[in-house]
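FYI, side chains are in, hydrogens and waters are out, and symmetry mates aren't considered; it's all heavy atoms of this structure. Keep in mind that what you see is a predicted model, and the values were worked out from it rather than measured. Residue numbers start at 1 and run along the sequence shown.
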Amino acid sequence: MIGLIVEALLNRVELSGILIERKALRFTPAGVPVMECLIGHQSEQLEAGSRRRVEYEIQAIALGATAQWLQAASPGAALQLTGFLAARSRNSRQPRLHITTIEFVEGNQDGKVLQKEG
């Protein structure tokens, strides 16, 4: 009998950014809250021994309790996000960030409020 070695496939994204815009909260036919948004990121990264300025915008989506937390954020809010990348749809292979946790960086007593899915 041949043993199979299964490696864990990783797809985890950690990102800090600014909420640029968010759509209205909607619900799936099963009643699950859904929130789509656009996140902007700016940073300086080290690549091949040189500093590189990085700026981009990424489409993101949150479901369930995470969508309700995101609904509370206003455009311009600083966020720490954790999630994974998935194709936008069957017809569009463009990646979209699926947010699983949100950390609000500003606007509260200790500077952070952590929301975890589940």
Practice task
Kindly indicate, with the supporting measurements, whether the criterion side-chain contact (heavy atoms from CB on, under 4.5 Å) is fulfilled by I39 and L19.
Solution key: CA-CA 5 Å; I39 304 295; L19 179 62; 3.9 Å; yes
Handout entry: Worked verdict on L38 versus Q59 for side-chain contact (heavy atoms from CB on, under 4.5 Å)
Key = CA-CA 5 Å; L38 182 64; Q59 294 288 329; 3.4 Å; yes
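- Here the side chains of P75 and E21 are not in contact, with every heavy-atom distance at 4.5 Å or above.
- We find the OG1-CG distance between T101 and L81 to be 7.5 Å, quoted to the nearest 0.5 Å.
- Shown here are the side-chain hydrogen bond (donor to acceptor under 3.5 Å, both in side chains) partners of E57, two or more places apart in sequence or in another chain: there are none.
- The shortest heavy-atom contact between L25 and P33 is CD1-CB, 4.0 Å.
- Looking at residues two or more places apart in sequence or on another chain, you find a side-chain hydrogen bond (donor to acceptor under 3.5 Å, both in side chains) between S43 and H41, Q45.
- Hydrophobic clustering places I58 together with L70 (ILVMFWY residues linked when any side-chain heavy atoms are closer than 4.5 Å, directly or through intermediates).
- Residue V54 is grouped with residue L97 when hydrophobic side chains (ILVMFWY) are merged at heavy-atom distances under 4.5 angstrom, including chains of intermediate members.
- Sequence neighbours left out, the pairs with a member in residues 87-99 that pass side-chain hydrogen bond (donor to acceptor under 3.5 Å, both in side chains) are E36-R96.
- Around atom CZ of R52, no more than 12 heavy atoms belonging to other residues, nucleotides or ligands sit under 6.0 Å away.
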Problem - Derivation of the side-chain contact (heavy atoms from CB on, under 4.5 Å) call for L79 and F104 - result: CA-CA 5 Å; L79 307 169; F104 296 91; 3.5 Å; yes
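- I61 and I18 are members of different hydrophobic clusters when ILVMFWY side chains are connected at heavy-atom separations under 4.5 Å.
- Looking at T100, its side chain does come within 3.5 Å of a backbone N or O of T82 through a donor-acceptor pair.
- Taking CZ of F84 as the start and CD1 of I99 as the end, the distance is 10.5 Å to the nearest 0.5 Å.
- The structure places CD of Q68 at 9.0 Å from CE of M35, a figure rounded to the nearest 0.5 Å.
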